[in-house]
Amino acid sequence: MKRILLLAVCLVAMATAQAQAQKIPLYSEVFDEHTNKLSSREWRSAEGHLRQETPRNDGTFKVTVYRADSLKFYEIVERTKIVAELPLSKQLTPGQMVEVVKDAGSTRELTGRETIEGYDCAVYRITKHRTLANGQSESSYHTEWYYEPLDLVICYVESLNVMNLITRNIVQGAQPAHLFEIPRDYKWFDTSAAMEQMRDQFDAMKNAAEMLKQGQQEQNRKLDEIKNDPNKTEQQKIIEALKMMGSEKKK
């Protein structure tokens with residue numbers, strides 16, 4: 001899952017600048033440099049529509065389509081004929097179904113130029129700053145080798161060198177329009193309802209945890225009262241504390 005999410009960073013980087021001008025239509029393939037295996041194949045239309053196919057273990061492909069006219073991502077499951085609009089925003093990574101991030105930002109720093117796969121690329125260090133749902137902050141970064149004439153990331157390297165992605169087999173030219181179409185005869189999966197159900201379940205778990213915390217705090221308060229009661233002997237305190245804890249377990 002992490003590999004797919006990181007792969008999609010290249011897709012969203014392309015998507016955020018779409019619809020502002022005509023794009024150079026092309027087909028490209030992205031490989032994992034560590035294994036030299038295909039990580040995804042991607043198509044881009046002149047209108048800025050995108051299609052990404054990532055291979056699954058069973059030999060099929062996960063299909064994600066970005067429509068520049070609606071600024072929306074869709075996941076298309078051809079085997080079961082299901083299509084889902086992905087609940088994404090500009091701050092979230094494609095494929096991230098659960099919104100754990102309240103806000104996000106990134107900085108883009110040009111660090112130099114380097115020729116990769118025969119392309120003279122600008123090298124950027126991208127640092128992402130995120131505030132998680134629990135209020136904590138975290139930062140991460142990756143490096144991109146960006147080829148301006150094609151508006152394309154040629155190489156992507158994660159900070160810890162866990163993932164190195166390289167774009168190859170780039171073919172410029174008009175791409176078949178049907179690749180970017182959203183099938184209207186497919187069954188639509190309501191991701192918003194699924195996410196709402198997940199939020200409800202999360203809220204219920206959070207409320208249950210808070211009630212347990214409050215119950216523990218009340219029990220500790222009662223134990224302190226027994227412990228600090230000057231009118232009881234140590235034996236009486238132990239007996240009363242055991243009775244109190246026993247009655248709490250029965251509730």
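- Residues Ala46 and Pro25 approach most closely at N-CB, 3.8 Å, considering heavy atoms.
- A donor-acceptor contact shorter than 3.5 Å is absent between the side chain of Arg44 and the backbone of Tyr27.
- The same ILVMFWY cluster, assembled from side-chain heavy atoms under 4.5 Å apart, contains both Leu71 and Leu50.
- Taking a cutoff of 4.0 Å between a charged side-chain nitrogen and a carboxylate oxygen, Arg56 and Asp58 do not qualify as a salt bridge.
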What's the verdict on side-chain contact (heavy atoms from CB on, under 4.5 Å) for Lys187 and Val83, showing C-alpha distance, side-chain angles and the deciding distance? CA-CA 6 Å; Lys187 180 180 179 180; Val83 60; over 6 Å; no
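- The two residues Arg113 and Asp120 make their nearest non-hydrogen contact at NH2-O, 3.1 Å.
- Under the 4.5 Å side-chain criterion, counting only non-hydrogen atoms from C-beta, Asn220 is not in contact with Lys222.
- Using a 4.0 Å cut-off between a side-chain N of Lys or Arg and a carboxylate O of Asp or Glu, Lys227 and Asp224 do not qualify as a salt bridge.
- Rounding to the nearest 0.5 angstrom, the gap separating the CD1 atom in Ile154 from the OH atom in Tyr119 is 6.0 Å.
- The aromatic rings of Phe73 and Tyr66 sit tilted, their planes meeting at an angle between 30° and 60°.
- With rounding to the nearest 0.5 angstrom, the CG atom of Leu223 is 10.5 Å from the CG atom of Asn228.
- Using a 4.5 Å cut-off on side-chain heavy atoms (C-beta onward), Gln52 and Glu42 make contact.
- Note: Phe180 and His49 have tilted aromatic rings, judged against thresholds of 30 and 60 degrees for the angle between ring planes.
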Decide side-chain contact (heavy atoms from CB on, under 4.5 Å) for Ile166 and Ile116; before the verdict, give the C-alpha distance in whole Å, the side-chain angles of both, and the deciding distance to 0.1 Å. CA-CA 9 Å; Ile166 191 78; Ile116 299 290; 3.4 Å; yes
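- When ring centroids are compared, Tyr156 and His142 come within the 6.0 Å threshold.
- Scanning all heavy atoms of the two residues, the minimum distance from Glu33 to Cys155 falls at OE1-SG, 4.5 Å.
- Taking the side chain as every heavy atom from C-beta outward, Ser139 and Tyr141 never approach each other to under 4.5 Å.
- Closest of all the heavy-atom pairs between Lys23 and Gly48 is CG-CA, 4.0 Å.
- Geometric assessment of Arg79 against the ring of Phe61 yields a negative cation-pi assignment under the 6.0 Å and 45° thresholds.
- For the atom pair OG1 of Thr60 and CD of Glu53, the computed distance is 10.0 Å after rounding to the nearest 0.5 Å.
- One distance of note links CG of Leu110 with OH of Tyr124; it measures 5.0 Å at 0.5 Å rounding.
- Counting non-hydrogen atoms of neighbouring residues, nucleotides and ligands closer than 6.0 angstrom, the CG atom of Asp185 exceeds 12 such neighbours.
- Glu240 CD to Glu225 CD: the interatomic distance, rounded to the nearest 0.5 Å, is 9.5 Å.
- Proximity of Thr167 to Glu117: side-chain heavy atoms (C-beta onward) are nowhere separated by under 4.5 Å.
- The shortest distance between side-chain heavy atoms of Val63 and Glu75 does not fall below 4.5 Å.
- Between the side chains of Gln235 and Thr233, no donor-acceptor pair of N or O atoms lies under 3.5 Å.
- At distances below 3.5 Å, not a single donor-acceptor pair connects side-chain atoms of Thr115 with backbone N or O atoms of Gly118.
- Counting heavy atoms from C-beta outward, Thr127 and Ser140 have side chains that stay 4.5 Å or more apart.
- Formation of a donor-acceptor pair under 3.5 Å by the Thr143 side chain with backbone atoms of Ile126 is not found in this model.
- Under 4.0 Å is where a charged nitrogen must lie from a carboxylate oxygen, and between Arg108 and Glu144 at least one such pair does.
- Cluster annotation: Leu152 is connected to Val157 through the hydrophobic network of ILVMFWY side chains, with a link wherever side-chain heavy atoms come within less than 4.5 Å.
- Interatomic distance, SG of Cys121 versus CD of Glu114, reported as 8.5 Å (0.5 Å rounding).
- Under 4.0 Å is where a charged nitrogen must lie from a carboxylate oxygen, and between Glu78 and Lys62 no such pair does.
- With Phe31 as the aromatic partner, Arg168 meets the cation-pi criteria of under 6.0 angstrom to the ring centre and within 45 degrees of the ring axis.
- Looking only at distances, a side-chain donor or acceptor of Arg51 sits under 3.5 Å from a matching main-chain atom of Leu179.
- Remark: the backbone N or O of Val123 is paired with a side-chain donor or acceptor of Thr111 at under 3.5 angstrom.
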Arg41 and Glu29: side-chain contact (heavy atoms from CB on, under 4.5 Å), yes or no, with the steps? CA-CA 4 Å; Arg41 54 191 188 188; Glu29 296 176 346; 4.3 Å; yes
Does Asp151 form a side-chain contact (heavy atoms from CB on, under 4.5 Å) with Tyr146? I'd like the steps, not just the answer. CA-CA 7 Å; Asp151 187 19; Tyr146 174 71; 2.5 Å; yes
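- Pro55 and Ser39 get closest at one heavy-atom pair: CD-O, 3.3 Å.
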